[in-house]
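These numbers come from the heavy atoms of this one structure, side chains and all, not from hydrogens, waters or symmetry mates.
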Amino acid sequence: MRKNIKLTALAATAAALTLSLSACGSSSDPSSTKADGGKTDESKALVVAASPTPHADILKFVKDNLAAKEGLKLEVKEFTDYVLPNTATQQGQVDANYFQHVPYLDDFNKKNGTDIVPVVNVHLEPLGLYSKKDKALTDIKAGQTIAVPNDPTNEGRALQLLAANKLITLKEGVGTGAKLSDITDKKGLEFKELEAATVPRALNDVDAAVINGNYAIEAKLVPAKDALVLEKAEGNPYANILAVKNGNQDDPRIQKLAKLLNSDEVKKFIEDKYNGSVIPAFGKPVA
C-alpha cells in the first residue's frame, strides 16, 4: 500500500509539472498568442488585405525583395473598396490590412463595432483636385460641379482641401468631419457625392473631382503633375497604416512586416516609383 501511495504521488507531481510546462510554453516554442487566445504559427504566411495601388504594389515589393531575409512568408489579397478589408480583418479572414488612414479607421470602428487598431504609418497619398476641363484652380467658377468622396472622413478631407484653396467656406471648427451641410458659402458650386473608387470615372461627367491618391494613380493620373491642387504633406494626419484586429499587434509576423514597411528599401521604392505622388510617412500612428 505504501509503495502504491508513493507511485500515485509521483504521478500526480509529474502531471502537475506537465500542465505547468504546457501552460508556460518552452523558450523554443515558435508560436505566439492571438487576439482570440489561440496560437499563431509563425511559419504560416501572413495574409494582408490591400488596395491595389500603391498598397499592394508596396507589399509585393516587400514580398519579392525583403520578406525572405526576415523569415516572413507574405500573401497579398487585393480589395477595391474601403469596407471589405476591415470586415475581413475583424473576422480573421486576413491577418492585417493596409489601405486606410487613422481617421477613416476610427470612424469605421465607431460605426461598425469593430476592434481594429493601427500598427505603423507607412505612406501618405495627397488628396488632389483634378479636372479635364479646367487647367488651373482659378478656372473653376460658379455653376460648375465638383465630385467628392462620399465616406465621412474622405469627404471631410476633400471639403477641407476646397476650403483651404478658397473654393468654399466651411463652418468654424468643423475639422475633418465636415459635411456638405457644413458649407456656409458654396460660391455657386454644386457637389456630387460618389463612392471614392468611382470618382475618377466621373471626371468626364463633372467639371472637377477630389480624388484619393491611390485611385488617382490607378486611373493613370500623376498627382504631383496632374492635380490642380494637392494636400500639403506637412502635419497631415492621413498617413496610410498597417492595421490589425486588436490583440494581434505583437504577432511576430506583424512586427516583421511593420519593420520592413518602414525600411530604407521601402522608402527608396516609394520615392523612385511614385515620384512625389506617394510620400513615405514612417513612424508610430498618432493615438
On a heavy-atom basis, which atom in [X] and which in [Y] lie closest, and how many Å separate them?
X	Y	result
P54	E125	CD-OE2, 3.3 Å
V199	A209	CG1-CB, 3.6 Å
I241	N121	CG2-OD1, 3.2 Å
N262	V122	ND2-CA, 4.2 Å
P52	T80	CG-CG2, 4.1 Å
L129	A208	CD1-CB, 3.9 Å

Heavy-atom neighbours of [X] [atom1] exceed 12 at 6.0 Å:
X	atom1	answer
K133	NZ	yes
K259	NZ	no
Q91	CD	yes
N275	CG	no

[X] side-chain N/O to [Y] backbone N/O, donor-acceptor pair under 3.5 Å:
X	Y	value
S277	V222	no
Q160	A158	no
N236	K232	yes
N150	E155	no
K187	K166	yes
D107	Y104	no
D151	E195	no
D95	V48	no
K135	K132	no

Practice task
Tell me, with the steps shown, if E193 and L180 meet side chain to side chain contact (heavy atoms under 4.5 Å, CB included).
Solution key: CA-CA 9 Å; E193 296 173 293; L180 292 183; 3.5 Å; yes
Do we see a donor-acceptor contact under 3.5 Å between the side chains of [X] and [Y]?
X	Y	value
Q90	N112	no
N97	T89	yes
T53	N214	no
N212	N154	yes

Taking C-beta and beyond as the side chain, do [X] and [Y] meet within less than 4.5 Å on heavy atoms?
X	Y	answer
R253	K44	yes
K111	P152	yes
P280	E271	yes
L59	L261	yes
I140	L189	yes
I270	I279	no
P85	V94	no
N86	Q100	yes

Calculate, to the nearest 0.5 Å, the distance between atoms [atom1] and [atom2] belonging to [X] and [Y] respectively.
X	Y	atom1	atom2	result
E231	L127	CD	CG	4.5 Å
T114	N109	OG1	CG	3.5 Å
F191	Q144	CZ	CD	11.0 Å
T198	I211	OG1	CD1	10.0 Å
L66	L72	CG	CG	10.0 Å
T184	L170	OG1	CG	6.5 Å

Is [X] linked to [Y] within one hydrophobic cluster, defined over Ile, Leu, Val, Met, Phe, Trp and Tyr using a side-chain heavy-atom separation of less than 4.5 Å?
X	Y	value
V117	L242	yes
V76	F61	yes
V278	L221	no
I58	F79	no
I183	V229	yes

Exercise for the section: Sort out for me which residue in Y98, F269, Y274, F99 forms a ring pair (Phe, Tyr, Trp, His ring centres under 6.0 Å) with H123. Expected result: Y98
Handout entry: Stepwise ring pair (Phe, Tyr, Trp, His ring centres under 6.0 Å) check, Y215 with Y82
Key = CA-CA 12 Å; Y215 291 132; Y82 283 175; 5.4 Å; yes
Practice task
Step by step, work out the side chain to side chain contact (heavy atoms under 4.5 Å, CB included) result for V266 and L260.
Solution key: CA-CA 7 Å; V266 167; L260 293 174; 5.5 Å; no
Practice task
Pick out which of V148, L230, L167, V210 makes a side chain to side chain contact (heavy atoms under 4.5 Å, CB included) with L161.
Solution key: V210
Problem - Charged N-O contact under 4.0 Å between K179 and D182 - result: yes
Exercise for the section: Would you mind checking if D64 and K60 are paired as a salt bridge, meaning a charged N to carboxylate O distance below 4.0 Å? Expected result: no
